[in-house]
Protein chains: 2
Amino acid sequence: MTREIKVEKRVLSRNDVVATRNRVGFTERGAYVVNMISSPGTGKTTILEATLGRIVEAGRSVAVIEGDVQTENDAVRVAATGVPVEAVVTGGACHLDATMVGKAWQRLEPSLPAALDILIVENVGNLVCPSAYDVGEDEKVALVSVTEGEDKPLKYPALFNAATTCLVTKVDLLPYLEFDVEELVKNARAVNPALNIFLLSAKSGEGMDEWVEYLIGKAKDNS
Amino acid sequence: MTREIKVEKRVLSRNDVVATRNRVGFTERGAYVVNMISSPGTGKTTILEATLGRIVEAGRSVAVIEGDVQTENDAVRVAATGVPVEAVVTGGACHLDATMVGKAWQRLEPSLPAALDILIVENVGNLVCPSAYDVGEDEKVALVSVTEGEDKPLKYPALFNAATTCLVTKVDLLPYLEFDVEELVKNARAVNPALNIFLLSAKSGEGMDEWVEYLIGKAKDNS
């Protein structure tokens with residue numbers, strides 16, 4: 001067990017060096033960078049599509065790095081919105097690390113405007129491992145859907161601790177579920193009292209404007 | 001990268017030795033062992049509760065090893081059914097390994113009947129990492145809910161490849177979703193043509209009898 005932990009520390013510290021290099025590159029372009037993390041099936045890509053449309057409508061520039069264990073399905077979906085996107089297929093790895101994101105950023109850079117407002121990294125679907133890896137982001141965004149349990153923040157505290165913002169997705173389904181949103185919010189704040197929380201539905205549009213305003217506000221602060 | 005891969009191989013091969021020892025112990029008791037794996041929020045514990053009730057009604061003996069990253073919430077829910085249960089809190093680790101399960105089995109054994117029909121291991125909520133770890137089970141069961149995407153088997157093929165059975169959960173929600181069950185089944189069989197697939201709802205009871213009959217049939221084959 002000792003050996004495993006030591007190796008994990010070494011891998012993480014090497015990761016931090018590359019993450020800092022990424023952060024310098026992102027800052028040079030003026031981009032505010034979010035790292036979206038959730039379970040598979042929380043609706044990250046659907047929220048992302050709805051978010052991108054609103055950012056572009058607001059006249060701001062945005063690009064995407066799209067992580068998946070296998071397939072470029074999500075990158076193809078994002079590309080259809082017209083926003084510049086680079087896919088990272090991890091081929092089995094359960095998280096994005098700084099090196100993967102740094103390489104995708106190098107491939108992405110030639111297609112970007114001189115000043116980029118927002119870069120969104122969509123991580124591999126996993127509520128555990130990605131939270132340990134800094135990829136150079138300004139903030140981690142945790143997503144949890146109302147079809148999951150209210151106790152997810154208590155059961156997976158590392159992510160909710162590391163995150164600045166939590167998006168509660170698929171709230172249009174609440175009438176059909178026995179799900180207590182207040183209980184979820186209470187549990188999330190118990191883990192991280194400073195968490196920004198938005199209740200969203202990409203389908204009905206509920207909460208989307210507030211979330212995108214927050215994001216654009218951060219981009220302005222950053223530039 | 002080479003170093004990481006070598007260490008992973010060494011850890012996995014040590015795991016296989018312990019998994020084999022677990023398997024010997026399980027076989028001595030006559031137990032058929034399933035390792036349930038899914039994303040967080042697929043409804044593993046709710047399906048488990050409904051499954052346990054039906055196994056006990058059928059006059060068969062069953063026990064549970066309940067894995068979570070943090071909290072014993074799920075173990076408390078299972079204990080309320082009256083079935084013997086041992087919790088494994090991994091404290092950050094993103095999967096159950098054979099050593100964790102072996103230790104839980106040692107703690108569980110004194111409370112078990114001489115002949116145990118079925119042991120159910122509920123893994124940590126994670127669609128990626130647990131699929132790489134043999135804990136001594138007879139089969140891995142992959143769960144995916146209809147609130148997730150139809151392409152999950154293509155995006156997370158390692159689990160669907162390693163699994164013998166796939167439970168498609170929360171089918172009671174189908175009327176409220178744009179979800180194509182046939183597409184999911186097609187994708188699952190594209191990854192693993194031999195997969196047994198059950199469509200289930202713990203809420204309505206749909207499919208539960210067929211799934212539990214399958215499980216009890218396996219236990220009989222095994223004893």
Side-chain angles (χ1 to χ4, degrees), chain A residues 1 3-4 6-8 10-11 14 38-46 68-74 89-95 97 99 124-132 144-159 169-170 172-173 175-178 187 191 203, chain B residues 1 3-4 6-8 10-11 14 38-46 68-74 89-95 97 99 124-132 144-159 169-170 172-173 175-178 187 191 203:
Chain A
M1 281 311 265
R3 187 171 306 165
E4 265 182 83
K6 273 191 195 150
V7 171
E8 199 190 340
R10 199 162 58 215
V11 170
R14 160 95 187 123
S38 80
S39 307
T42 300
K44 274 191 302 306
T45 313
T46 306
D68 260 312
V69 176
Q70 288 295 346
T71 85
E72 296 194 356
N73 291 3
D74 290 352
V89 177
T90 67
C94 53
H95 59 272
D97 66 23
T99 301
V124 166
N126 185 331
L127 210 50
V128 188
C129 315
S131 60
V144 58
S145 91
V146 297
T147 64
E148 304 172 39
E150 294 91 346
D151 60 354
K152 288 295 166 286
L154 303 179
K155 292 168 77 176
Y156 303 90
L159 172 60
T169 67
K170 305 192 189 182
D172 59 283
L173 290 175
Y176 316 115
L177 302 168
E178 291 154 22
N187 289 336
V191 173
K203 201 171 179 180
Chain B
M1 281 311 267
R3 188 172 304 165
E4 266 183 84
K6 272 189 193 153
V7 171
E8 199 191 339
R10 199 163 58 214
V11 171
R14 159 93 187 127
S38 80
S39 306
T42 301
K44 275 192 301 304
T45 313
T46 307
D68 260 311
V69 175
Q70 288 296 347
T71 84
E72 295 194 356
N73 292 2
D74 290 353
V89 177
T90 67
C94 54
H95 60 271
D97 66 23
T99 302
V124 167
N126 186 330
L127 210 50
V128 187
C129 316
S131 59
V144 58
S145 91
V146 297
T147 64
E148 304 173 39
E150 293 91 346
D151 59 354
K152 289 293 166 286
L154 303 179
K155 291 169 75 177
Y156 303 90
L159 172 60
T169 65
K170 307 192 188 183
D172 59 283
L173 291 175
Y176 315 113
L177 302 167
E178 291 154 24
N187 289 337
V191 173
K203 199 170 180 180

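A note on names: the letters A, B, ... follow the listed sequences, proteins ahead of strands, and every chain is numbered from 1. Remember, predicted model here, so these are calculated numbers, not experimental data.
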Colleague: Which heavy-atom pair separates B/Gly92 from A/Val128 by the least distance, and what is that distance?
Modeller: O-CG1, 3.7 Å
Colleague: To the nearest 0.5 Å, how far apart are OH in B/Tyr156 and CG in A/Asn126?
Modeller: 7.5 Å
Colleague: For chain B, which of A/Gly125, A/Gly43, A/Cys129, A/Ser131 has the most heavy-atom pairs under 4.5 Å?
Modeller: A/Gly125
Colleague: Any heavy-atom pair between the side chains of A/Pro40 and B/Val144 that's under 4.5 Å?
Modeller: no
Colleague: Evaluate the criterion side chain to side chain contact (heavy atoms under 4.5 Å, CB included) for residue pair B/Thr42 and A/Ser39; output intermediate values, then yes/no.
Modeller: CA-CA 10 Å; B/Thr42 301; A/Ser39 307; over 6 Å; no
Colleague: When rounded to the nearest 0.5 angstrom, what distance separates CG in A/Leu127 from CG in B/Leu127?
Modeller: 12.0 Å
Colleague: Using the test side-chain contact (heavy atoms from CB on, under 4.5 Å), find all partners of B/Val89 that sit at least two apart in sequence or belong to another chain.
Modeller: B/Gln70, B/Glu72
Colleague: Check whether A/Leu173 gets within reach of chain B through its side chain, its backbone, both or neither, counting any heavy atom under 4.5 Å.
Modeller: side chain
Colleague: Which residue pairs pass the salt bridge (Lys or Arg N to Asp or Glu O under 4.0 Å) test when at least one of the two sits in residues 145-156 of chain A, sequence neighbours left out?
Modeller: A/Lys155-B/Asp68, A/Lys155-B/Asp74
